[in-house]
Asker: 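I'd like to ask some things about the structure below.
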Amino acid sequence: MTADTIGAAVKRAFGADNRDRLLREYLAGIAPIAPDTAWKHVYRLLLWIDSTTGLAHCYESDKSQPGRAWYERSLRFHAWVSASLGSAPEALRSEIDWLFRHASRDLASGASARQQERAKRQRARTPGMPEPGRDPELENLILNALAPWLQEPPPPDAVRTLTERIHRHTRLENKRKNLVGEGFEDVLAVLIRLLPASAFRFVRARCPLHDIPGFYEPRDREKPRIVDLALVRGPEDRRSLITAKWSIRADREEQFVSDCASYVHLERAGQSFDYVLITNEFDPARLVAAAERQREGNPLFTNVVHVSTDALKAVYGDRPSRSFARALAHVRGGRVESLGDWLSRLHR
DNA sequence: GAACTACCAGTGGGCCATCA
DNA sequence: TGATGGCCCACTGGTAGTTC
């Protein structure tokens, strides 16, 4: 990659080009990937620490606060991930979240001097305006909290620099949402490509449906359907259309059915295909809903794949009740399978 | 070709209703 | 009353179309 292309990538540090560059950097020397270790790479690259609990994120932040039910489950998840990745619980932070940490680094290095110079010229044309980054309420909050330990007020510039950094940190967390969404698809695609003796002849993330062999172009003025991840494998060119969702919400569950109906509608080869859900969702009710969802009397999904069913077992604990027990029954029955098991079967 | 706008699809957060 | 489930929101990057 040339200096120019690195510069272009860093303009969108969380965009597809830079994600691709970072993934190649992370995976250099790792290939081939053993299927049963794929989940470790997914977690090392994408899993993060919830800053409000200090624990690895496995459920919504508000329900994982100390004292609430998911705090104990988050503690178990954090302990399990730490042990499984060979890390101390306190050190897990630096073991995971690789993609976000490196994209953030690129974002900081990409904040160009040229942009700052331009901002200076823009402000010079309209003098007397409030300075960017000033946040008097936040400044007061910090100064009041630290007052007992301060011998004298810090210089205004130092306070402003601190508030700017806090704002930058908050904005960065918002960028994670996009990174986890498309990054999950990217990570799965590269891991599948790096399986040993891969039997796949077609692996593409965010693939237009009509680019997959055996599907029609969109009709009339219909928009092209985009598939999260598409695979074609084996001597009979078996097709797998994969919806990859780090987490699931009820409003997205309806989309699974309509997407599948569109895929069936636009199939032209007259052959069946697999419709697969890959997720890191830990909510048992959502997993059960995905496992049991029907379409025309058959399971909607050919396979329901979780990044780590061992993590699910660890989180749910020894005495699961109600929906937790039901989700575990699907795990034990194989309806919800681990990423490693699914990859092992696929690439044989 | 650059800059801008509108729209889309993805995510987690958070509020609130329901249920056991 | 606390856990759970449903829904909507804000925010992001990507893309297509338009304007200059």
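Remember, predicted model here, so these are calculated numbers, not experimental data. In what follows, chains are A, B, ... by sequence order, proteins preceding strands, each numbered from 1.
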Asker: Linking I/L/V/M/F/W/Y whenever their side-chain heavy atoms sit closer than 4.5 Å, directly or via other members, would A:Leu75 and A:Leu312 fall into one cluster?
Answerer: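 No, A:Leu75 does not connect to A:Leu312 through the hydrophobic network.
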
Asker: From the set C:dT4, B:dG10, C:dG5, return the single nucleotide nearest to any side-chain atom of A:Glu185.
Answerer: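 That would be B:dG10.
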
Asker: Identify which nucleotide among C:dT4, C:dG5, B:dT11 has an atom closest to any side-chain atom of A:Arg73, counting heavy atoms from C-beta outward.
Answerer: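 Of C:dT4, C:dG5, B:dT11, C:dT4 is nearest to the side chain of A:Arg73.
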
Asker: Would you say the side chains of A:Arg239 and A:Ser272 form a donor-acceptor pair under 3.5 Å?
Answerer: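 Short answer, no.
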
Asker: Near DNA chain B, counting only heavy atoms under 4.0 Å, which residues of residues 53-60 of chain A show up?
Answerer: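 A:His57, A:Glu60, in order of number.
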
Asker: Over all strands shown, is A:Ala244 touching base, sugar-phosphate only, or nothing at heavy-atom distances under 4.0 angstrom?
Answerer: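 A:Ala244: backbone/sugar contact only, no base atoms under 4.0 Å.
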
Asker: Is A:Tyr263 reachable from A:Ile226 through a run of I, L, V, M, F, W or Y residues, each pair having side-chain heavy atoms under 4.5 Å apart?
Answerer: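 No, because A:Ile226 and A:Tyr263 fall into different hydrophobic clusters, even though each may have its own neighbours under 4.5 Å.
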
Asker: If you check every side-chain atom of A:Val180, which of B:dG10, C:dT4, B:dT11 has the closest atom?
Answerer: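 Among the listed nucleotides, the one closest to the side chain of A:Val180 is B:dT11.
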
Asker: Identify, between A:Glu182 and A:Asp283, the residue whose nearest nucleotide on DNA chain C lies closer to the 5' end.
Answerer: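 Nearest nucleotide further toward 5': that of A:Asp283.
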
Asker: Using atom types as modelled, flag every donor-acceptor pair under 3.5 Å from a side chain in residues 86-93 of chain A to any protein atom, sequence neighbours excluded.
Answerer:
| unit_1 | atom_1 | unit_2 | atom_2 | d |
| --- | --- | --- | --- | --- |
| A:Ser87 | OG | A:Leu92 | N | 3.3 |

Asker: List the steps and the verdict of ring pair (Phe, Tyr, Trp, His ring centres under 6.0 Å) for A:Trp342 and A:Trp39.
Answerer: CA-CA 11 Å; A:Trp342 180 71; A:Trp39 72 268; over 10 Å; no

Asker: Are there over 12 heavy-atom neighbours, none belonging to A:Glu292, within less than 6.0 Å of that residue's CD?
Answerer: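 Yes.
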
